[in-house]
Amino acid sequence: MNAPEATADRAPAAQVRTLIVDDDFMVARVHRGLVERVPGFTVVGEARTGAEALEMVARLRPDLVLLDIYLPDMNGIEVLRALRAPDGGEDLPEVDALVITAARDSGTVRQALRGGAVQYLIKPFEPALLTERLRDYARLRRDLDGGGSADQDAVDRAFGAARPAARPAKAMPKGLTSPTAELVERALREHAGGGGGGGGGGEDLSATECAAATGISRVSARRYLEYFADSGRVEVRLRYGTAGRPERRYRWSGPPA
């Protein structure tokens, strides 16, 4: 007997049936292991593409989808919209979505929020953070599945769970230095003001352009740019090309470091 959905169909009613959607096989397996360690959760399947995710939602009817944004055929926001579409038909059941992605630009976060994601978790993250989000979700289900009236605390928890959690401020990671951070910040500020020569339209920089502007390596530039993004001082947007993953571009938006 090898069908995962057959096992899931016999799971206790209290189990939260979870579908994992991620194009990276190893990442999906890591997420599966984390989910299955949380009491009350069971993984009913793994999807690698958006189309496969929609098919598996219709067939397996999970309660929760862990949804990546970067998928090879469509992005996760499109999947979320398809799940919420009024003309989706009876094939697509009501299902909650917890977005897990490296996309941290405000536009994607806003679209996920408007699409009804119950939470938004940015990769990479500490495993304990996903465990905490899953437990919060399980408590939310208990609050709302009782069949009676919800009190204000339960309503507050429900609507609070639908908002992306703020990332706490982080200390500068080991290996980064203040002088170089100031150099990267200056390049971002100059470029945002039209003084940069990286060809990004006077607004944002790629890691490669930042490296050329500052004289540091591309890897180092990327680390500083991601540090600024983590601390909320840099906005990240994605530039989609004809092939491969989108290019990450960075624009200064915060106060001086």
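Computed over heavy atoms, backbone and side chain alike; hydrogens, waters and symmetry mates excluded. None of these values were measured; they are calculated from a predicted model.
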- prompt: side-chain contact (heavy atoms from CB on, under 4.5 Å) between Asp105 and Tyr250: does it pass, once the steps are laid out?
  reply: CA-CA 9 Å; Asp105 59 291; Tyr250 305 82; over 6 Å; no
Is the shortest heavy-atom distance from the side chain of [X] to the side chain of [Y] under 4.5 Å?
{"X": "Leu54", "Y": "Leu83", "value": "yes"}
{"X": "Arg222", "Y": "Val219", "value": "no"}
{"X": "Leu64", "Y": "Leu134", "value": "yes"}
{"X": "Thr49", "Y": "Leu71", "value": "no"}
{"X": "Cys210", "Y": "Leu225", "value": "yes"}
{"X": "Arg135", "Y": "Thr131", "value": "yes"}
{"X": "Thr101", "Y": "Tyr120", "value": "yes"}

State, to 0.1 Å, how close [X] and [Y] come at their nearest heavy-atom pair, and which atoms those are.
{"X": "Met56", "Y": "Gly45", "value": "CE-CA, 3.8 Å"}
{"X": "Ala211", "Y": "Ala221", "value": "N-CB, 3.9 Å"}
{"X": "Gly50", "Y": "Asp73", "value": "N-OD1, 2.8 Å"}
{"X": "Ala181", "Y": "Phe228", "value": "O-CZ, 3.4 Å"}
{"X": "Lys174", "Y": "Arg223", "value": "O-NH2, 2.9 Å"}
{"X": "Arg84", "Y": "Gly115", "value": "NE-O, 3.1 Å"}

Can you tell me how far [atom2] of [Y] sits from [atom1] of [X], rounded to the nearest 0.5 angstrom?
{"X": "Arg218", "Y": "Glu209", "atom1": "CZ", "atom2": "CD", "answer": "11.0 Å"}
{"X": "Ile69", "Y": "Ile122", "atom1": "CD1", "atom2": "CD1", "answer": "11.0 Å"}
{"X": "Thr18", "Y": "Glu46", "atom1": "OG1", "atom2": "CD", "answer": "11.5 Å"}
{"X": "His191", "Y": "Leu205", "atom1": "NE2", "atom2": "CG", "answer": "4.5 Å"}
{"X": "Leu130", "Y": "Ile100", "atom1": "CG", "atom2": "CD1", "answer": "5.0 Å"}
{"X": "Leu121", "Y": "His31", "atom1": "CG", "atom2": "NE2", "answer": "7.5 Å"}

task: Under the side-chain contact (heavy atoms from CB on, under 4.5 Å) rule, what do Gln119 and Asp136 come out as? Steps first, then yes or no, please.
output: CA-CA 10 Å; Gln119 192 50 264; Asp136 288 344; 5.9 Å; no
message: Quick check on the hydrophobic clustering: are Met74 and Leu92 connected, directly or via other members, by side-chain heavy-atom contacts under 4.5 Å?
response: yes
Transitive ILVMFWY side-chain link Val27 to Val79, under 4.5 Å: no
Heavy-atom donor-acceptor pair, [X] side chain to [Y] backbone, under 3.5 Å:
{"X": "Tyr224", "Y": "Thr177", "result": "yes"}
{"X": "Glu78", "Y": "Asn75", "result": "yes"}
{"X": "Asp63", "Y": "Val16", "result": "no"}
{"X": "Arg61", "Y": "Arg17", "result": "no"}

field: Test salt bridge (charged side-chain N to carboxylate O under 4.0 Å, His left out) applied to Arg251 and Glu235, Glu190, Glu185, the passing residue
entry: Glu235
- prompt: Do NZ/NE/NH1/NH2 and the carboxylate oxygens of Lys123 and Asp22 come within less than 4.0 Å?
  reply: yes
message: Using side-chain contact (heavy atoms from CB on, under 4.5 Å), reason through Leu188 and Val184 one step at a time and then give a plain yes or no.
response: CA-CA 6 Å; Leu188 286 163; Val184 172; 4.1 Å; yes
- prompt: Any idea how Tyr137 and Phe41 line up, ring-wise: parallel (<30°), tilted (30 to 60°), or perpendicular (>60°)?
  reply: tilted
task: Report the residue from Val57, Val99, Asp96, Leu98 that forms a side-chain contact (heavy atoms from CB on, under 4.5 Å) with Val65.
output: Val57
message: Under the criterion side-chain contact (heavy atoms from CB on, under 4.5 Å), I'd like the reasoning laid out for Asp24 against Tyr70: C-alpha separation, chi angles, the key distance, then a yes or no.
response: CA-CA 10 Å; Asp24 188 309; Tyr70 300 133; over 6 Å; no
